[in-house]
Protein chains: 2
Amino acid sequence: MLDWEDLHSFLAVARAGTLSGAARTLGIRQSTMGRRLAAFEARAGVLLLQKTPRGYVLTPAGEAALAEAETMETAALAAERAITGQDTRLAGEVRLTTIETLAAEVLMPIIAQFSADYPGILVKLICSQRTLSLAAREADLAVRMARPLGGDLVIRKLGDIGYGHYASPAYIAQHGLPTQGGAGHKVILMEDDSPNFPEYVVMAQYFSHAEVGLRSDSRYVQLKACMAGLGVACLAHYLAAPQGLVRLPGCDAKREVWLAQHRDTRETPRFKALSAALVNGMKAQSALLTG
Amino acid sequence: MLDWEDLHSFLAVARAGTLSGAARTLGIRQSTMGRRLAAFEARAGVLLLQKTPRGYVLTPAGEAALAEAETMETAALAAERAITGQDTRLAGEVRLTTIETLAAEVLMPIIAQFSADYPGILVKLICSQRTLSLAAREADLAVRMARPLGGDLVIRKLGDIGYGHYASPAYIAQHGLPTQGGAGHKVILMEDDSPNFPEYVVMAQYFSHAEVGLRSDSRYVQLKACMAGLGVACLAHYLAAPQGLVRLPGCDAKREVWLAQHRDTRETPRFKALSAALVNGMKAQSALLTG
DNA sequence: GGCCTCCTATGCGTAAACGCATAATGACTG
DNA sequence: CAGTCATTATGCGTTTACGCATAGGAGGCC
């Protein structure tokens with residue numbers, strides 16, 4: 001019988017294409033990954049992954065094995081969820097993922113109170129650009145800025161986030177209030193125009209003739225830039241309002257905030273506890289959030 | 001992500017019910033198995049297997065995990081077969097399973113020639129009372145005394161084995177030739193009457209009034225007992241005839257001999273080679289085998 | 001009750017596997 | 001073409017996990 005963990009390593013390399021990348025996903029070193037793969041192929045007697053200038057590529061034998069390894073992975077993840085779902089302790093770790101500003105400005109006070117109420121539960125707050133997978137157990141709970149779609153998720157709406165066009169008092173004093181078209185104004189945008197977040201769609205329409213003052217994917221950079229007078233930014237009310245920025249006309253965009261978790265872990269007490277705290281905490285702040 | 005090999009260990013313990021038994025199936029020590037299970041449960045945070053006086057029993061959490069672990073096992077075995085099926089070398093190991101006497105008397109000369117023809121291939125001849133599973137890769141090829149049933153097997157008929165009632169010349173001189181009913185005679189049987197092999201069904205009918213001289217599950221013990229004059233044995237012609245035993249009336253039972261292998265490995269060259277050698281070798285001996 | 005067998009737990013020494021550091025290689029960029 | 005960044009390969013020291021041996025139960029059987 002083959003070593004199952006070797007199959008796991010093989011899958012990781014087949015996916016990543018490099019030993020280093022595969023090692024990262026499994027939390028081991030590249031040297032270890034290389035040795036495991038070598039040992040696995042030696043025992044299998046067949047070359048499963050061909051080394052090319054571009055990395056490792058599956059051989060026909062590898063293709064055959066890959067499909068089965070993926071089936072194993074699906075089952076392994078299901079097992080992990082099943083085990084977690086049966087963990088009845090009000091203790092342990094809960095991994096919550098969301099975007100940075102929401103985490104820092106809105107969720108932090110909720111989590112602070114929660115941690116005091118449940119000293120046995122350690123909250124890990126993961127801020128990721130990428131949407132982490134609940135099915136793959138990259139996180140236990142996710143606060144998302146849109147209604148989550150798909151499979152085996154349990155979702156609850158947490159509220160609405162209102163957005164507005166903001167600028168600093170100094171900027172307004174210099175440029176005046178913008179009007180439709182935004183001629184003569186500067187806007188602060190994301191690095192790419194591609195992400196069609198509703199608030200940016202609105203902004204692009206209103207400021208169709210404005211210049212670009214700064215581009216950054218970081219909302220905090222956008223906020224500070226706006227405060228520094230670099231231009232008009234499209235910001236969530238919860239982020240802009242406390243900073244004394246001036247709200248401008250032309251935007252009443254809203255986005256829904258949803259809480260998601262995997263169906264398999266919906267009964268897990270420590271997840272339920274945090275989930276409830278988030279629902280209540282968000283409800284209490286709804287005035288700030290909608291603006 | 002959990003260690004897949006830990007899931008493997010968990011599955012083995014859940015199946016075997018004991019650490020020792022599980023360790024045997026995985027080819028490791030009991031102490032290692034105990035430590036792995038402890039580490040796995042510590043990481044999982046839940047008790048998966050409850051220790052009882054009768055061994056380890058699944059907790060509800062364990063039940064949930066077991067189903068997924070079994071899915072993993074199925075995939076792991078399929079992967080192993082897929083890999084083996086892609087092994088194009090005419091070298092390596094071939095594990096052939098069958099019953100002891102057939103292996104020793106009939107297959108041995110065939111395999112001896114085969115090993116000379118293919119020095120790179122090592123044949124492992126596994127004689128097991130139990131029918132080993134080809135799907136679980138307990139063996140690569142199986143020579144079976146009945147038409148194999150089920151799933152993903154590729155089968156070929158190798159021939160027929162004839163059986164007869166045999167006794168030693170000395171025994172005949174003392175007891176005379178038996179007649180229908182077998183009154184006044186002694187028979188040599190298997191330890192249990194349960195296995196309803198066709199040749200024993202015939203014998204039980206013919207010798208309905210005979211006494212039992214000896215019981216043994218070993219065909220060689222039966223043969224030697226018969227030669228020693230302990231009674232009439234039901235033996236394959238290939239086993240009894242070369243020993244100068246006297247064939248008695250009342251039995252012309254036959255059993256079919258089949259070669260089986262798993263569909264996934266049917267193209268593997270070294271298996272094909274041995275398979276062909278067995279087919280030819282058995283054909284050449286068909287006169288001896290049918291009697 | 002004593003004996004036997006099979007189990008689990010644990011201490012100890014070793015060998016295998018790992019992480020780290022470094023060197024070598026190759027691809028992309030300005 | 002140099003410089004940077006990523007990769008893989010390899011040597012070394014250490015930790016970890018393992019096998020072995022043994023002790024301590026827990027049935028089963030005469």
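A, B, ... follow the sequence lines: proteins, then strands. Residue 1 opens every chain. In what follows, every heavy atom counts, from backbone to side chain, and hydrogens, waters and symmetry copies are set aside.
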[X]: partners by ring-ring contact (aromatic ring centres under 6.0 Å, His included), with sequence neighbours left out:
{"X": "B:Tyr56", "value": "none"}
{"X": "A:Phe271", "value": "none"}
{"X": "A:His8", "value": "B:Trp4"}

In short, side-chain hydrogen bond (donor to acceptor under 3.5 Å, both in side chains) pairs touching residues 16-25 of chain B with sequence neighbours left out are none
Residues at least two apart in sequence or cross-chain that pass salt bridge (charged side-chain N to carboxylate O under 4.0 Å, His left out) with A:Glu138, listed by chain then number, are A:Arg130
Between OH of B:Tyr56 and C1' of D:dA26 the distance, given in whole Å, is 14 Å
When rounded to whole Å, the CG to P distance for the pair B:Leu37 and D:dA17 reads 15 Å
Pair up each side-chain donor or acceptor in residues 64-72 of chain B with any protein partner under 3.5 Å, not counting sequence neighbours, and list the distances.
from    : atom 1 : to      : atom 2 : distance (Å)
B:Thr71 : OG1    : B:Ala67 : O      : 3.1

Axis-to-axis angle for the helix from C:dG1-D:dC30 to C:dG30-D:dC1, ends of five pairs each, to 10°, equals 30°
Nucleotides 20-25 of chain D: which of its N/O atoms have a protein N/O under 3.5 Å away?
from   : atom 1 : to      : atom 2 : distance (Å)
D:dC20 : OP2    : B:Arg29 : NE     : 2.8
D:dC20 : OP2    : B:Arg29 : NH2    : 3.2
D:dC20 : N4     : B:Ser31 : OG     : 3.2

Per the under-4.0 Å heavy-atom filter, residues of residues 13-28 of chain A near DNA chain C come out as A:Ile28
So, with a heavy-atom separation below 4.0 Å from DNA chain C, the residues of residues 2-9 of chain B are none
Item checked: B:Thr32 side-chain N/O to D:dG19 phosphate OP1/OP2 under 4.0 Å -> yes
So the salt bridge (charged side-chain N to carboxylate O under 4.0 Å, His left out) pairs with at least one residue in residues 215-227 of chain A (sequence neighbours excluded) are A:Asp193-A:Arg215, A:Glu199-A:Arg219
So the salt bridge (charged side-chain N to carboxylate O under 4.0 Å, His left out) pairs with at least one residue in residues 28-41 of chain B (sequence neighbours excluded) are B:Glu5-B:Arg36
